[in-house]
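All values below come from the heavy atoms of this structure, side chains included, with hydrogens, waters and symmetry mates left out. Convention: sequence-line order gives letters A, B, ...; per-chain numbering from 1.
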There are 2 protein chains.
Amino acid sequence: MLPIQIDTNSPLLLYMQVGNQLIEQIAKGHIQDDEMLPSIRNMAQDIGINIHTVSKSYRELEKKGIIKMENRLKATVIARSNRRLDETQLHHLELSIKNMIMEAYVMGYSKKQIKQYITKVLDQVQ
Amino acid sequence: MLPIQIDTNSPLLLYMQVGNQLIEQIAKGHIQDDEMLPSIRNMAQDIGINIHTVSKSYRELEKKGIIKMENRLKATVIARSNRRLDETQLHHLELSIKNMIMEAYVMGYSKKQIKQYITKVLDQVQ
DNA sequence: ATGACTGTAGCATATCATTTAATAAAATAA
DNA sequence: TTATTTTATTAAATGATATGCTACAGTCAT
């Protein structure tokens, strides 16, 4: 996996920045199925943030069914084929996407621009 | 404009629920260019939430360049052609969209499903 | 001037993000 | 086995923010 970069100027919460970047790396294949993530301690030290913050990032990813953390073992990425889909999570995700798209349109993006941007993003995933 | 619906079970903050619905209504044309929004007080009373919360919703929309609030007059929707685009806001928005798309993919949506969903959402805007 | 309307500011409370410090379980080395 | 290190978790403290209640100050019509 690639190193996690924290942007202190970002309005995004720290644990979400970490979570987002982990998800992006999984989507792009920089973190692979069944790969073992760094320990909470190590990652916290590398990034320069608190253990709890990283812990929360991991727990959120676990809630989403992306990684599993069992009996104090390091977190591992669940293989794509084995991910259990949580209906509630999916619903919230769809709502979030809808809101973002609506906002982009209202802020001046054309429908075409939005579709092009989505395509560009999807071209980056494996 | 249509009435704003608050979902007390949603994990979304109240002021974001209000803001999201306003944006959605603007995108769909239920709120039109140059239309005057209800006063903070009225909307707060109608919805049953505090004026501060509605005030924050309006201020966030103003930051995004969607509405303007001048010298204690009611907030008005800026015409689409007159919206000034804030580079920082646009950058954060693109980042948010990217994160949502990556998350959808990692959680099991196929690229095709994601594109179909985006198309479905965009078909709802005017 | 009065009354009805507007947005804003101050204070209180609850929730949550983040950090610090302490605890307990597991893994590893001796 | 014992000791040391490494791990995640728990508890408590701090700070920031969301939300609510109340009061204030400006605007406008009458």
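- For the OP1/OP2 pair of dA18(D) and a distance below 4.0 Å, the side-chain nitrogens and oxygens of Lys56(B) include at least one atom meeting the criterion.
- The distance between atom CG of Leu14(A) and atom P of dT19(C), rounded to the nearest whole Å, is 6 Å.
- Counting only heavy atoms from C-beta on, Lys74(B) has its side chain closest to dT6(C) among dA17(C), dT6(C), dT19(D).
- Residues from residues 35-54 of chain B with heavy atoms under 4.0 angstrom of DNA chain D, sorted by number: Arg41(B), Ile49(B), Asn50(B), Ile51(B), His52(B), Thr53(B).
- Across all strands shown, Tyr58(B) has no heavy atoms under 4.0 Å from either base or sugar-phosphate atoms.
- Rounded to whole Å, the distance from CE on Met16(B) to P on dT19(D) is 10 Å.
- The distance between atom CZ of Arg59(B) and atom C1' of dT8(C), rounded to the nearest whole Å, is 9 Å.
- Residue-environment remark: CD (Gln45(B)) stays at or below the threshold of 12 foreign heavy atoms within 6.0 Å.
- Under a cutoff of 6.0 Å and an axis angle of 45°, Arg80(A) and Tyr105(B) form a cation-pi pair.
- For the pair Glu70(B) CD and dG7(C) P, the interatomic distance rounds to 13 Å; values are reported in whole Å.
- Each of Leu61(A), Ile78(A), Val77(A) was checked for a side chain to side chain contact (heavy atoms under 4.5 Å, CB included) with Lys68(A), and the lone residue meeting it is Ile78(A).
- Around atom CD of Gln126(A), more than 12 heavy atoms belonging to other residues, nucleotides or ligands sit under 6.0 Å away.
- A 4.5 Å side-chain heavy-atom check between Val18(B) and Thr53(B) finds every atom pair outside the cut-off.
- To the nearest angstrom, C1' of dC16(C) lies 12 Å from CD of Glu60(A).
- Between Arg83(A) and Asp33(A) the shortest side-chain heavy-atom distance falls below 4.5 Å.
- One atom, CD1 of Ile6(A), and another, P of dT18(C), lie 9 Å apart when rounded to the nearest Å.
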